[in-house]
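Everything on this sheet refers to the single structure shown next.
Only this structure's heavy atoms are used, side chains among them; waters, hydrogens and symmetry mates stay out. Sequence lines set the chain letters: A, B, ... in the order given, protein chains first and strands last, and positions in each chain run from 1.
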2 protein chains.
Amino acid sequence: MEDTTTRPAGSVLIAEDLRAVVALLVRRIRANPAFPPHQFGVLRTIDRIGPQTASQLAVLELVRPQSMAHTLQQLDEAGYISRHAHPTDGRQTLIALSDDGRIALDQQRREITGWLAAAIEENLTADERDTLADAVTLLSRIVEA
Amino acid sequence: MEDTTTRPAGSVLIAEDLRAVVALLVRRIRANPAFPPHQFGVLRTIDRIGPQTASQLAVLELVRPQSMAHTLQQLDEAGYISRHAHPTDGRQTLIALSDDGRIALDQQRREITGWLAAAIEENLTADERDTLADAVTLLSRIVEA
DNA sequence: TATTGTTATACTCTATAACTATA
DNA sequence: TATAGTTATAGAGTATAACAATA
């Protein structure tokens with residue numbers, strides 16, 4: 001009966017608790033009125049760093065190129081992205097946000113993230129929000145490792 | 001061009017960054033040799049708090065009862081759980097870990113969480129690990145809110 | 001031959017709807 | 001009627017394998 005109240009903060013125990021809470025967090029996020037979270041993430045990435053090839057997006061989002069092709073097809077059908085031929089390399093296609101994509105992204109920024117932002121605002125103190133913000137930075141480092 | 005280096009740590013910005021890093025973290029976790037993460041989570045929950053009904057597990061894992069039924073069927077086919085009739089209520093079925101389930105859980109505890117624990121150990125200082133452990137507690141509070 | 005991208009197929013996870021059995 | 005549980009079906013997300021087009 002391993003107890004979590006007296007844990008020595010060892011990496012293994014942090015890892016297991018982090019896995020568990022992240023799984024629950026993903027479900028809470030997905031349960032909210034939303035359009036598909038991964039599609040949102042791709043739009044967000046294009047908005048953040050500009051038009052990208054499918055391969056580059058796959059690397060950035062940590063998925064296989066085939067998986068990204070599937071997501072891009074869905075975004076294309078929804079009219080949220082536009083594809084542009086690469087000026088010199090005929091194999092590559094640059095993916096950009098369409099006007100509708102930008103509108104959708106801005107709307108989702110307000111609506112989707114709403115529940116999570118409100119939960120942070122209402123359940124954490126200012127100091128705790130700082131701790132969470134710091135942890136997000138630490139998690140980014142771990143993900144990129 | 002919203003800049004993240006000078007962010008005022010507002011809840012909305014924390015929420016969006018948290019969403020993004022959590023999505024990447026899930027993919028990093030899933031990319032590692034593993035058996036299905038949610039199945040692992042269910043075994044872990046039963047181990048932590050003892051045999052439960054399917055409905056109770058659905059509440060704890062934040063999924064619908066039908067989704068839990070599906071996961072339990074997979075765990076049953078794998079031989080990782082056993083089902084026991086409720087002593088007084090014929091509608092209920094208590095779900096317990098089988099011997100194979102315990103073996104699988106212990107093995108996955110070592111193997112699956114391995115990458116994440118190593119990444120935490122290698123990429124964070126002791127203080128940063130404390131920050132992350134604190135953040136996990138804060139996230140638990142948010143998820144349960 | 002190597003790279004970029006796509007299509008085909010399958011599996012995990014989750015949902016809603018509809019059903020059965022028991023209280 | 002209400003509750004516990006299951007089955008049927010569908011969609012998001014991801015993977016591997018196989019293929020086409022371009023460099």
For the pair made of [atom1] in [X] and [atom2] in [N], what is the distance, rounded to whole Å?
X     : N      : atom1 : atom2 : answer
A:L57 : D:dT14 : CG    : P     : 13 Å
B:R28 : D:dA15 : CZ    : C1'   : 17 Å
A:Q92 : D:dA23 : CD    : P     : 10 Å
B:R91 : D:dG5  : CZ    : C1'   : 10 Å
B:L72 : D:dG5  : CG    : C1'   : 10 Å

Looking at [X], does any N or O in its side chain come under 4.0 Å of the phosphate oxygens OP1/OP2 on [N]?
X     : N      : result
B:T53 : D:dA4  : no
B:Q73 : D:dG5  : no
B:R27 : D:dT14 : yes
B:Q66 : D:dG5  : no
B:H70 : D:dT6  : no

query = Heavy-atom distance under 4.5 Å between the side chains of A:F40 and A:L105, does that happen here?
reply =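 In contact.
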request  = For residues A:L116 and B:I142, determine if any side-chain heavy atom of one lies less than 4.5 Å from a side-chain heavy atom of the other.
outcome  =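 Yes, at least one pair of side-chain atoms sits under 4.5 Å.
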Look only at the side chain of [X] and the backbone of [Y], and say whether a donor-acceptor pair between them is shorter than 3.5 Å.
X     : Y      : value
B:R28 : A:A145 : yes
A:D47 : A:L43  : no
A:S98 : A:G79  : yes
B:R27 : A:E61  : yes

query = Which residue lies toward the 5' end of DNA chain D, A:V63 or A:T88, if each is placed at its nearest nucleotide?
reply =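 Its nearest nucleotide being more 5', the pick is A:V63.
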query = Starting at the 5' end of DNA chain D and moving along, which residue's nearest nucleotide shows up first, A:H38 or A:G90?
reply =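 Whichever sits nearer the 5' end wins; that is A:H38.
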message = By the 4.0 Å heavy-atom rule, please label A:S67 as base, sugar-phosphate, or nothing.
response =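 Base contact - A:S67 has a heavy atom under 4.0 Å of at least one base atom.
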query = Can a donor-acceptor pair be found between the side chains of B:T45 and B:Q52 at a distance below 3.5 Å?
reply =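 There is no such pair (donor and acceptor under 3.5 Å, judged by atom type) between the side chains of B:T45 and B:Q52.
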task = Just jot down the salt bridge (Lys or Arg N to Asp or Glu O under 4.0 Å) partners of A:R30, sequence neighbours excluded, or say none.
result =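 Result, salt bridge (Lys or Arg N to Asp or Glu O under 4.0 Å) vs A:R30: none returned.
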query = Between A:R30 and A:A54, which has a closest nucleotide on DNA chain C that is more 5'?
reply =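 Looking at DNA chain C, the more 5' nearest nucleotide goes with A:A54.
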inquiry  = If you only use heavy atoms from C-beta on, which nucleotide in D:dT3, D:dG13, D:dA15 is closest to the side chain of A:R64?
reply    =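 Looking only at heavy atoms from C-beta outward on A:R64, the closest nucleotide is D:dA15.
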request  = Please determine which of B:L132, B:T131, B:D130 meets the side chain to side chain contact (heavy atoms under 4.5 Å, CB included) test together with B:L124.
outcome  =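 Checked B:L132, B:T131, B:D130 against B:L124; only one passes side chain to side chain contact (heavy atoms under 4.5 Å, CB included): B:L132.
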task = Kindly calculate the angle separating the two end axes of the helix from C:dT1-D:dA23 to C:dA23-D:dT1, each obtained from five base pairs, and round it to 10 degrees.
result =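 The value is 20°.
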ask   = If you walk 5' to 3' along DNA chain C, what is the first nucleotide with an atom under 4.0 Å of a heavy atom in chain B, and what is the last?
value =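 The contacted stretch runs from C:dT12 to C:dA23.
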inquiry  = Membership question, hydrophobic clusters at under 4.5 Å side-chain separation (ILVMFWY): are A:V22 and B:W115 in the same one?
reply    =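 Yes, because B:W115 and A:V22 connect within a single hydrophobic cluster, where side-chain heavy atoms sit under 4.5 Å apart.
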